[in-house]
2 protein chains.
Amino acid sequence: MNTALGDTAGKLVGGAAQLIMRVGYNGFSYADLSERFGIRKASIHHHFPSKVDLVVAVVEQARAGIRAQIAALEEGSPVAIDQLRFYTGYWERCIKDQSAPFCLAAVLAAELPGLPEEVAVSVRGHFADLGKWLERLLELGAKQGSVRLEASPDVEAQAFMAAVYGAMLAARAFDDPERFNVIVETLFRRIRA
Amino acid sequence: MNTALGDTAGKLVGGAAQLIMRVGYNGFSYADLSERFGIRKASIHHHFPSKVDLVVAVVEQARAGIRAQIAALEEGSPVAIDQLRFYTGYWERCIKDQSAPFCLAAVLAAELPGLPEEVAVSVRGHFADLGKWLERLLELGAKQGSVRLEASPDVEAQAFMAAVYGAMLAARAFDDPERFNVIVETLFRRIRA
DNA sequence: CTACCTCAACCTATCAGAAGGTAGACAATG
DNA sequence: CATTGTCTACCTTCTGATAGGTTGAGGTAG
């Protein structure tokens, strides 16, 4: 489905992803990537003719990665609560070691009204996917008896997602990765049967 | 304490606030304000010599407004749960009528690592204030018997804040103001005694 | 009263640098 | 030799910012 990105293109997408996580769409430029990878701006345009192309590639690569991880996860453990734990644990690690101090899509969502439409579509797609996955998981968890829901799976999934993303924002605002863990823990205290 | 802003300066701060809510720090320019208010860019520089000055003024004005509302609120109703309801109700209205579709500080927090230090300090200050207020309120609510806490007031305050801000992000990502209400409702279902 | 001074607010004109992007030459590699 | 990746060399537009001039309201000295 996705064109296998070449070596350089892959590096660029990765670098752009990190920059977007830090400073958002309008906060980074081709010049930043140029400097970081020792490559001229024009060469970046060769791989990604416009900034929109680049950022859409970044978001789509992230979404593909998530889809792959979800598939692997469903293969690995059929226990819903374990999958939820893995999901939050992933972010816990990323935030602590600062490898991905924030969800890419969240930064972009914050500035959504100012984004080029193509990018906005990708970002909204991510949240739609994530919401559906969490809904399935919570419903499954309820059936398995490991999750206790006080509202519909749909609503609970939205609340779960909001809590996780809010926790990320808090961790950034307070410059304290531990805050993410603490907030997520209250989340699980709530839904664990 | 705060210099009473002149008429024009006040309009500029208000306009900048709205722009930041939509597109963030790097997403708006003096040219945008210039066009919107029919005033030259140089005149904006007369009131706010640099962009940092302008944005700090925006954030500080917002913080002052919040402090004032909190004071009025504590005067009005000593019932903690009512104050919490008023707080979320305020955002509910703002998001629905799109007058303030997002918390200014939240957009800025999302791009924190890329902000000028002075702005970052103001933004962090806002979150510190808000966290402390919510902590006081939750503790009070527990004493009054209208709030049920499963963790320390500190932790519960962080979780409350994260949920509210996550709900805002969700409302924006799904372009659906109702989502904010739904998520906030699950929040209250949880903490109401 | 009037002539003068001051000052805030706004203007025009201009700038240097960054942003995003293009054209076309030159290697390397299959 | 055609393709792919990179380069140099530009271009245009935007951005934040400055210098210096104009206007008008308000105070004050003669």
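Computed from a predicted structure; not experimentally measured. Chain letters run A, B, ... following the sequence lines, proteins first, then strands; residues in each count from 1.
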Whole angstrom value for the distance that separates [atom2] of [N] from [atom1] of [X]:
X: H45(A); N: dA18(C); atom1: NE2; atom2: P; answer: 16 Å
X: R40(B); N: dC15(C); atom1: CZ; atom2: C1'; answer: 18 Å
X: F48(A); N: dT6(D); atom1: CZ; atom2: C1'; answer: 15 Å
X: L19(B); N: dG16(D); atom1: CG; atom2: C1'; answer: 16 Å
X: Y30(A); N: dT12(D); atom1: OH; atom2: P; answer: 20 Å
X: N26(B); N: dC14(D); atom1: CG; atom2: P; answer: 17 Å
X: L33(B); N: dG16(D); atom1: CG; atom2: C1'; answer: 13 Å
X: L54(B); N: dG16(D); atom1: CG; atom2: P; answer: 10 Å

Just N and O in the side chain of [X]: are any of them under 4.0 Å from OP1 or OP2 of [N]?
X: T8(B); N: dA9(C); answer: no
X: H46(A); N: dG5(D); answer: yes
X: S29(A); N: dA19(C); answer: yes

Exercise. Taking 4.0 angstrom as the limit, do E117(A) and R124(A) come out as a salt bridge?
Worked result: yes
Heavy atoms under 4.0 Å, any strand shown: does [X] hit a base, just sugar-phosphate, or nothing?
X: F37(B); answer: nothing
X: A42(A); answer: base
X: S43(B); answer: base

For this session: In sequence, state the C-alpha distance, the side-chain angles, and the governing distance for E150(A) and R190(A), and then conclude on salt bridge (charged side-chain N to carboxylate O under 4.0 Å, His left out).
Result: CA-CA 10 Å; E150(A) 294 181 353; R190(A) 168 169 190 233; 3.7 Å; yes
Exercise. Is any side-chain heavy atom of Y87(B) closer than 4.5 Å to a side-chain heavy atom of Q69(B)?
Worked result: no
Problem set entry | Residue pair Y165(A), F127(A): steps toward the ring-ring contact (aromatic ring centres under 6.0 Å, His included) verdict | CA-CA 11 Å; Y165(A) 277 89; F127(A) 283 99; 5.3 Å; yes
Seminar exercise, completed: The residue, H47(A) or K41(A), whose nearest nucleotide of DNA chain D is more 5′ is H47(A)
Exercise. Can a donor-acceptor pair be found between the side chains of D154(A) and S152(A) at a distance below 3.5 Å?
Worked result: no
Problem set entry | Side chain K51(A) and base dG21(C) donor-acceptor under 3.5 Å | no
